[in-house]
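Input: one structure, supplied below.
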Amino acid sequence: MTNYRYEYDSPLGVIILTASEKGLTSLTLPNYKYDIPTSEDDIIAHEPFETVIAQLDRYFAGEAIEFDVPLDLLGTDFQCTVWKALQTIPAGETLSYGELAQRIKRPTASRAVGAANGQNPVSIIVPCHRVIGKNGTLTGYASGLDAKQWLLKHEQKMAADTFSLSPLTSVEPTA
């Protein structure tokens, strides 16, 4: 299987992107405390990342919050359940680890949710930064709390700009 790698310049610093032929396998912010999943055999190329680069450009420019790139994530069933649930947290909002455990119908698993959250390989796109401590504090982020705080503030501003509708306006799902 061919693996690709690309370094993306962002306001947070260089983000390492990796992908398989199936999709994005990791999006690693600077100061990431775990090993970056790369190898000497990775092909350094721009082309496999054109869609995610365009979407990251729009995200960091404050123009868009949504991502729709193919992902190729490897994890346990529990991790994948947590990562899927993370994608349901709207931009500009946060949940506690306990609330996320409730959402996945594992109310006593908040620590396990935290561990799975911390192992999320595709930061930003699978928005693990939107999970906070039960008392509202910023806790644990594999790329540091400064990056987590920056992402949350950036998204809160975008969400406020995007969703500043009059009280009489209703929004219906388009899917």
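Keep in mind that what you see is a predicted model, and the values were worked out from it rather than measured.
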Worksheet entry | Close side-chain approach of L17 and R5, heavy atoms under 4.5 Å |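 Of all side-chain heavy-atom pairs linking R5 with L17, none is under 4.5 Å.
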
Nearest-0.5 Å distance, CG of residue L152 to OG1 of residue T94: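 It is 7.0 Å, given to the nearest 0.5 Å.
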
Could you measure the distance from the CG atom of L100 to the OH atom of Y97? Nearest 0.5 Å is fine.
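It comes to 9.5 Å.
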
- Task: Apply ring pair (Phe, Tyr, Trp, His ring centres under 6.0 Å) to the pair Y8 and F49, showing each step before the final yes or no.
- Result: CA-CA 10 Å; Y8 175 85; F49 301 100; over 10 Å; no

**Report entry** Close side-chain approach of T18 and N3, heavy atoms under 4.5 Å
**Finding:**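 No, too far: nothing below the 4.5 Å cut-off.
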
Using 30° and 60° as the class boundaries, would you call the ring planes of F67 and Y59 parallel, tilted or perpendicular?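 Ring orientation, 0 to 90° scale: tilted.
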
Given the rule in the side chain to side chain contact (heavy atoms under 4.5 Å, CB included) test, do T25 and L71 qualify, once you have shown the distances and angles that lead to the verdict?
CA-CA 6 Å; T25 55; L71 301 176; over 6 Å; no

Q | Between N120 and Q79, a side-chain donor and acceptor under 3.5 Å | A |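 Absent: no donor and acceptor within the cut-off.
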
Any side-chain donor paired with an acceptor under 3.5 Å for H129 and E155?
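E155 and H129 do have a side-chain donor-acceptor pair below 3.5 Å.
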
What are the two closest heavy atoms between T139 and K148, and how far apart are they?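 Taking every non-hydrogen atom into account, O-NZ, 2.6 Å.
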
Checklist entry - Does one hydrophobic cluster hold both L27 and I43, with members joined at side-chain heavy-atom distances below 4.5 Å? => result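 L27 and I43: one cluster.
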
Discussion item. What I'd like to find out is whether the side chain of V69 reaches to under 4.5 Å of the side chain of V122, using heavy atoms alone.
Written reply: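 No. Closest side-chain heavy atoms not under 4.5 Å.
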
- Query: What residues form a salt bridge (Lys or Arg N to Asp or Glu O under 4.0 Å) with E93, not counting sequence neighbours?
  - Reply: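 None.
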
* Validation row: R103, I89 side chains within 4.5 angstrom (heavy atoms) ->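 Yes. Closest side-chain heavy atoms under 4.5 Å.
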
(Q) Distance check, rounded to the nearest 0.5 Å: I132 atom CD1 versus S96 atom OG? (A)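 I132 CD1 to S96 OG: 7.0 Å, rounded to 0.5 Å.
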
Any heavy-atom pair between the side chains of P127 and Q87 that's under 4.5 Å?
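They are in contact (side-chain heavy atoms under 4.5 Å apart), so the answer is yes.
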
CA sep, side-chain torsions, deciding dist, call: I53, H46, side chain to side chain contact (heavy atoms under 4.5 Å, CB included)
CA-CA 9 Å; I53 289 168; H46 181 272; 3.5 Å; yes

Below 4.5 Å, heavy atoms only, C-beta onward: do L12 and D146 meet side chain to side chain?
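No, too far: nothing below the 4.5 Å cut-off.
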
- prompt: Under a 4.5 Å cut-off applied to non-hydrogen side-chain atoms, are I104 and F78 in contact?
  reply: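 In contact.
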
* Using only heavy-atom distances, determine whether the side chains of D72 and S20 contain a donor-acceptor pair under 3.5 Å. =>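 Present: a donor and an acceptor within the cut-off.
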
Quick one, E99 with V131, criterion side chain to side chain contact (heavy atoms under 4.5 Å, CB included). Give me CA distance, side-chain angles, the key distance, then yes/no.
CA-CA 9 Å; E99 290 169 324; V131 183; over 6 Å; no

query: Are L74 and V82 connected in the hydrophobic side-chain network, where two residues link if heavy atoms are under 4.5 Å apart?
result: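 In one cluster with L74: V82, no.
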
Checklist entry - Are W83 and L73 side-chain neighbours, meaning at least one heavy-atom pair lies under 4.5 Å? => result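 They are in side-chain contact.
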
Over all heavy atoms of both residues, which pair between A91 and I65 is shortest? Give the atoms and the distance, please.
->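 Result for this residue pair: CB-CG2, 2.9 Å.
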
